[in-house]
Visitor: 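What follows is a structure written as structure tokens; I'll ask about it next.
Below, chains carry the letters A, B, ... as their sequence lines are ordered, and counting in each starts from 1. Here the structure is a predicted model, which is why all the values come from computation and not from measurement.
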Amino acid sequence: MTQVDPFSDVKKELALHLSAALGVDPTQVMEGIEIPPSEELGDLAVPLRELVPKGSHLELQFKGKLIKSTKIIGIYLNAFVNEDELFRLTFSNMTEDYGILRTSSPLRIVVEHTSANPVHPLHIGHLRNAILGDTLARLLKLRGHEVNVRFYVNDAGRQSAILSYGMSRLGWPDPPIESKKDVWLGLVYACTNVLIEINKLKKVLEELKEKHEEYLSKVRELDEFVAVAKELRDKGQEIFDKLADEIGRDPDPEGSVQKLMQQYERGEEPIRTLMRKVSTYALEGISQTLSFLGIYFDSFDYEGDLLWNGSVEKIINEAREKGILTIHKGASAVSFQGLTEEERRALRIPKGYDVPPLILVRADGTTLYPTRDIAYTLKKYKEFSAHRVINVIAEEQSTPQTQLRATLYLMGFRNEAVNLLHYSYGMVNVEGMRMSGRRGRYISVDDIIDQVRAVVGNRVKSRGGNENVIDELTKGAIRFAIISVAPTKPMSFSIQRAIDFNQNSGPYLQYTYARAHSIVSKMESMPSVEKADTSELVGDKRRLLLQVAKFPEVFVSTTEQLKPEIMATYLNKLADIFNRWYDSERILQEPAEGKRALKLWLAMGVKTVIGNGLSALGINPLSRI
RNA sequence: GGACCCGUAGCUCAGCCAGGAUAGAGCGCUGGCCUUCUAAGCCAGUGGUCGGGGGUUCGAAUCCCCCCGGGUCCGCCA
């Protein structure tokens with residue numbers, strides 16, 4: 001199937017002409033092409049300053065197939081598109097998958113995202129991670145790459161051990177059927193954690209006695225934890241009281257947690273089975289939340305498995321054999337002093353940045369998270385024969401991610417290191433709230449979904465829609481709110497804004513799609529493109545044509561640059577033009593056959609583009625709202 | 001102290017990487033538009049020393065340097 005990219009064709013025509021006329025490289029012209037600030041000036045512009053030798057006299061009048069005319073204004077050569085030809089080019093080849101251009105060099109790519117600790121429900125930060133990761137995976141797949149999506153389950157860390165410690169005090173119960181598993185476990189986790197902290201602080205205070213400043217600060221800390229404990233007790237009195245009682249009886253809760261962690265790392269039964277079961281329960285709840293948003297994984301990889309099957313140990317041995325292990329403060333570590341300028345550049349290490357050594361093995365012989373991550377990264381490459389691995393992880397992990405790349409490099413896995421991408425995103429602030437997962441204070445993704453869904457539900461009911469539409473609009477609102485902001489920006493999230501379904505929102509685009517769809521669907525068959533009266537291509541109709549023609553380019557830059565926000569901005573603009581036009585002209589009731597054909601095709605173009613664009617972002621276009 | 005990210009209208013954000021012509025949206029606020037293809041829409045108005053200062057350039061929101069503000073990291077936590 002031939003894939004059309006109409007606007008690129010226009011640019012190419014202009015670039016070829018100019019490069020011939022000026023004797024410069026066509027790609028140089030191509031890169032210089034921009035869109036004029038005002039449409040009266042033209043549809044395309046090329047600043048000539050750098051292309052034209054000073055003082056040379058120019059005859060640049062040009063008329064081609066897709067370019068109607070050109071004129072020079074100041075330093076610019078402005079060009080007007082031949083809308084008649086562009087219309088034919090765009091619509092006579094328009095297929096269902098218009099704009100979804102496949103890459104000519106498909107790669108095998110692993111995307112790891114979300115990877116939340118299996119100890120509590122997902123909160124707002126995970127939401128950004130999950131939606132970005134899922135969107136990237138979808139975009140890359142559509143672009144024609146082979147994509148493998150993974151979730152790393154951190155079941156061997158301290159947090160899992162704390163939850164399991166709490167569970168052990170409760171006698172390893174199953175979460176009650178009436179509650180969502182991750183929510184219930186999250187409560188157990190927060191209670192356990194807070195009780196351990198209080199316990200610890202009390203001991204510290206006894207030893208400190210009244211030794212001035214430190215004593216006071218610890219007292220303040222204790223007060224805070226006690227307040228949190230009250231909140232938690234209100235949420236689940238029975239659980240809290242039982243845990244308080246049991247943990248109070250343990251002479252050394254901290255030691256018990258440590259012991260669990262070690263037993264799990266060694267794979268000792270029955271702890272191994274019991275703890276794994278807890279993690280699996282939490283994941284069930286997490287998956288339930290994600291599936292509402294249309295987010296799924298190809299595999300869940302347990303950290304524990306990497307420890308038990310010896311792959312972590314293998315890494316350590318390999319590092320030792322390669323001679324890259326040094327002793328740092330008594331523990332085995334990798335130092336990055338030896339990297340050359342060139343190697344640092346290849347690994348994307350900032351110039352003046354002194355990468356801290358990475359401890360692989362603790363003095364007590366146990367391993368750390370980054371050590372396991374080395375084994376995990378190699379597993380991702382190997383199991384999928386991947387060319388590239390993308391880790392969607394918050395920016396605060398940029399140091400460990402850099403260490404990971406550098407260590408892989410030093411161990412001889414150079415391609416793996418260089419092709420490992422940390423897709424970083426900024427923090428999410430929630431207006432008027434300080435969040436803490438460890439204290440059970442957070443806005444969960446479930447809460448957000450519920451609140452958005454309630455508002456959507458009311459509005460849908462008042463216009464007589466169905467249940468399915470409510471869920472899809474809720475999903476659209478949430479996904480769009482996240483991806484329309486550039487990932488590097490710190491984002492502030494407010495429910496207020498998420499339930500604003502005016503322009504610049506998922507539901508706005510879904511609504512606009514429904515409008516276009518309902519027009520097109522009222523036709524039994526589309527008139528032929530030749531019938532369209534292209535002399536009518538003026539004003540918003542012409543703008544729509546140009547915007548629709550740009551879609552393939554937008555899809556390509558969105559996927560190549562891994563920037564979903566490019567697509568979001570584009571779709572919003574297209575919808576704006578369409579809605580303005582829709583309000584000013586009749587389409588189905590247009591009496592003149594040629595004009596009607598033109599309008600119908602434009603509506604078809606809008607429908608196709610918004611539909612494909614939304615789908616690419618993981619938002620379902622709706623034929624009726 | 002060092003490193004990274006961010007700073008654009010009252011608020012939330014595009015535009016910056018690959019410098020170009022009067023800096024764009026939405027929300028908010030003011031006032032209009034539903035017997036006509038879906039009013040989650042449309043129209044009119046309101047609003048900006050692009051954090052500040054230097055520099056490079058014919059040209060800087062965009063590139064470079066310094067400074068200020070917000071966030072993050074520099075753990076034998078993850």
Visitor: Send over the distance from A/Ile499 CD1 to B/A40 C1', rounded to a whole Å.
Guide: 13 Å
Visitor: Between A/Glu31 and A/Asp500, which has a closest nucleotide on RNA chain B that is more 5'?
Guide: A/Glu31
Visitor: Paired with B/A14 by Watson-Crick or G-U wobble geometry, both distances under 3.5 Å: which nucleotide is it?
Guide: none
Visitor: Which part of the nucleic acid, if any, lies within contact of A/Ala486, taking any heavy atom under 4.0 Å across all strands shown: a base, the sugar-phosphate backbone alone, or nothing?
Guide: sugar-phosphate
Visitor: Over all strands shown, is A/Tyr511 touching base, sugar-phosphate only, or nothing at heavy-atom distances under 4.0 angstrom?
Guide: base
Visitor: For A/Glu590, does the CD atom sit with more than 12 other heavy atoms under 6.0 Å from it, leaving out its own atoms?
Guide: yes
Visitor: Which nucleotide in the set B/U12, B/C37, B/C6 lies at the smallest distance from any side-chain heavy atom of A/Ser518?
Guide: B/C37
Visitor: With a 3.5 Å cut-off and heavy atoms only, can you find an N or O donor on one side and an acceptor on the other between the side chain of A/Arg463 and the base of B/U38?
Guide: yes
Visitor: Does this structure show an ion pair linking A/Glu395 with A/Arg128, if we count only N-O contacts that are shorter than 4.0 Å?
Guide: no
Visitor: Given B/G71, B/A25, B/A39, identify the nucleotide with an atom nearest to the side chain of A/Tyr582.
Guide: B/A39
Visitor: Between B/G26 and B/C64, how many Å separate the two P atoms, rounded to a whole number?
Guide: 32 Å
Visitor: Parallel, tilted or perpendicular: which fits the ring planes of A/Tyr152 and A/Tyr376, with parallel below 30° and perpendicular above 60°?
Guide: parallel
Visitor: Using Watson-Crick or G-U wobble geometry with both distances below 3.5 Å, tell me the partner of B/G59, or none.
Guide: none
Visitor: Run the salt-bridge test on A/Asp500 and A/Arg497 with the 4.0 Å N-O cut-off and return the result as yes or no.
Guide: no
Visitor: Need to verify one output field. Residue with the more 5' nearest nucleotide on RNA chain B, A/Arg459 or A/Ala331?
Guide: A/Arg459
Visitor: Mark yes or no for whether A/Arg276, through its side chain, and A/Asp155, through its backbone, hold a donor-acceptor pair below 3.5 Å.
Guide: no
Visitor: What about A/Asp373: does its side chain form a donor-acceptor pair under 3.5 Å with the base of B/A78?
Guide: no
Visitor: Might you confirm whether atom CD of A/Glu34 has over 12 heavy atoms from other residues, nucleotides or ligands at distances under 6.0 Å?
Guide: yes
Visitor: Would you jot down, in residue-number order, the residues of residues 345-354 of chain A having a non-hydrogen atom under 4.0 Å from RNA chain B?
Guide: A/Pro350, A/Gly352, A/Tyr353
Visitor: Regarding A/Lys329, tell me which of base, sugar-phosphate or nothing describes its non-hydrogen contacts under 4.0 Å with the strands shown.
Guide: base
